[in-house]
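Data first, discussion second: the structure below is written as structure tokens.
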Amino acid sequence: MKKKVISLMLCACMAMAAVGCGGKKFDNPDKGEDLIMATNAYFEPYEYYEGDAVTGIDVEIAQAIADKLGLTLKVEDMEFDSIIAAVNSGKAHIGVAGMTVTEDRLKNVDFSDPYTTATQVIIVQEGSEITGGDDLVGKKIGVQLGTTGDLFAAEIEDVQLEQYNKGMDAVQALAGGMIDAVIIDNEPAKQFVSKAEGLQILDEEFAVEEYAIAVAKGNEELLDDINKALDAIIADGTVKGIVDKYITAE
Ligand code: ARG
């Protein structure tokens with residue numbers, strides 16, 4: 001008898017949980033609703049401010065996905081290391097921020113299919129004694145907090161790690177002689193170096209990475225929608241067109 005009561009209660013709980021699930025409209029926006037993209041808009045050419053508006057490769061890709069899904073794209077700018085939490089808490093539907101797929105991040109979020117590749121590079125002052133990764137031992141290295149560059153730098157022997165909220169802040173510290181090198185993604189590196197004086201990017205490329213769109217862990221429906229739209233705009237050349245618009249081949 002007692003058993004029956006418990007199982008009945010269990011049923012009621014499950015039914016309530018199911019209703020709760022059906023009500024999570026925000027997770028998977030319906031047509032006409034907002035698709036909220038979390039990003040960190042200090043990462044040219046992927047996302048950056050032009051006046052008051054955030055633009056760049058990631059924003060245009062997200063816009064093309066929103067168009068395919070019949071949604072209105074809204075961009076939320078935040079610290080890079082807040083993006084995964086924003087996506088998981090439902091503050092944003094997607095994280096699009098030149099974000100590299102890593103094993104560690106996959107424990108907390110799901111990633112779409114990759115939409116581009118990138119590398120990590122080393123920026124130094126012109127004429128620096130640092131000519132490759134091996135010379136970084138014991139050096140003062142600047143990174144953007146929470147990025148893969150941060151993770152790589154942390155592994156260097158005797159490193160003096162300097163974490164900045166923005167990549168450009170690290171590059172400015174390097175230009176000002178406060179640190180010895182910066183480890184960061186290759187395309188933003190080019191942009192940052194062009195805006196500072198006396199810096200160069202070393203030829204050696206650290207790691208090849210894939211950028212993808214982050215979605216809350218376990219939200220298969222949304223991930224599926226994003227992947228279908230993304231795959232379509234990769235297949236029809238839209239993504240390549242967007243990338244080529246911002247990145248001119250050497
Ligand atoms: N690709 C690197 C990472 O995923 C850096 C990304 C930084 N992105 C940004 N919008 N600030 O860790």
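Read the numbers this way: they start at 1 and go in the same order the structure lists the ligands and their atoms. As a basis for the values below, the full set of heavy atoms in this structure was taken, side chains included, without hydrogen atoms, waters or symmetry mates. What you see is a predicted model; the values in this text were computed from it and never measured.
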Presence of salt bridge, [Y] and [X], under 4.0 angstrom:
{"X": "K228", "Y": "D224", "answer": "yes"}
{"X": "E129", "Y": "K139", "answer": "yes"}
{"X": "D110", "Y": "K217", "answer": "yes"}

Assess Y46 for proximity to ligand 1: is some non-hydrogen atom of it under 4.0 Å away?
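Y46: no contact with ligand 1 (<4.0 Å).
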Should Y42 be listed as contacting ligand 1, given a heavy-atom distance under 4.0 Å as the test?
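In this structure, Y42 fails to qualify as a contact of ligand 1 - no heavy atom is under 4.0 Å.
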Derivation and outcome, salt bridge (Lys or Arg N to Asp or Glu O under 4.0 Å), residues D34 and K74:
CA-CA 6 Å; D34 293 340; K74 289 263 156 69; 3.1 Å; yes
Indicate yes or no: at least one non-hydrogen side-chain atom of I36 is less than 4.5 angstrom from one of K91.
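A side-chain contact under 4.5 Å is absent here.
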Taking the side chain as every heavy atom from C-beta outward, state whether I65 and E60 have any atom pair closer than 4.5 Å.
no
Check ligand 1 against [X] and write out every atom of the ligand that is under 4.0 Å from a heavy-atom position of the residue.
{"X": "N40", "answer": "9 (C), 10 (N), 11 (N)"}
{"X": "Y211", "answer": "1 (N)"}
{"X": "D185", "answer": "1 (N), 2 (C), 5 (C)"}

Any N or O of Q120 that comes nearer than 3.5 Å to an N or O of ligand 1?
no
Nitrogen or oxygen of E47 less than 3.5 angstrom from that of ligand 1
yes
Pair Y46 and Y246, ring centroids less than 6.0 Å apart
no
For atom 3 (C) of ligand 1, which of Q144, E44, R105 has the closest heavy atom?
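Residue with the shortest heavy-atom distance to the ligand atom: R105.
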Nearest non-hydrogen protein atom to atom 8 (N) of ligand 1, with distance, is A97 O, 2.7 Å
Atom 6 (C) of ligand 1 - nearest protein heavy atom and its distance:
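The answer is G98 O, 3.3 Å.
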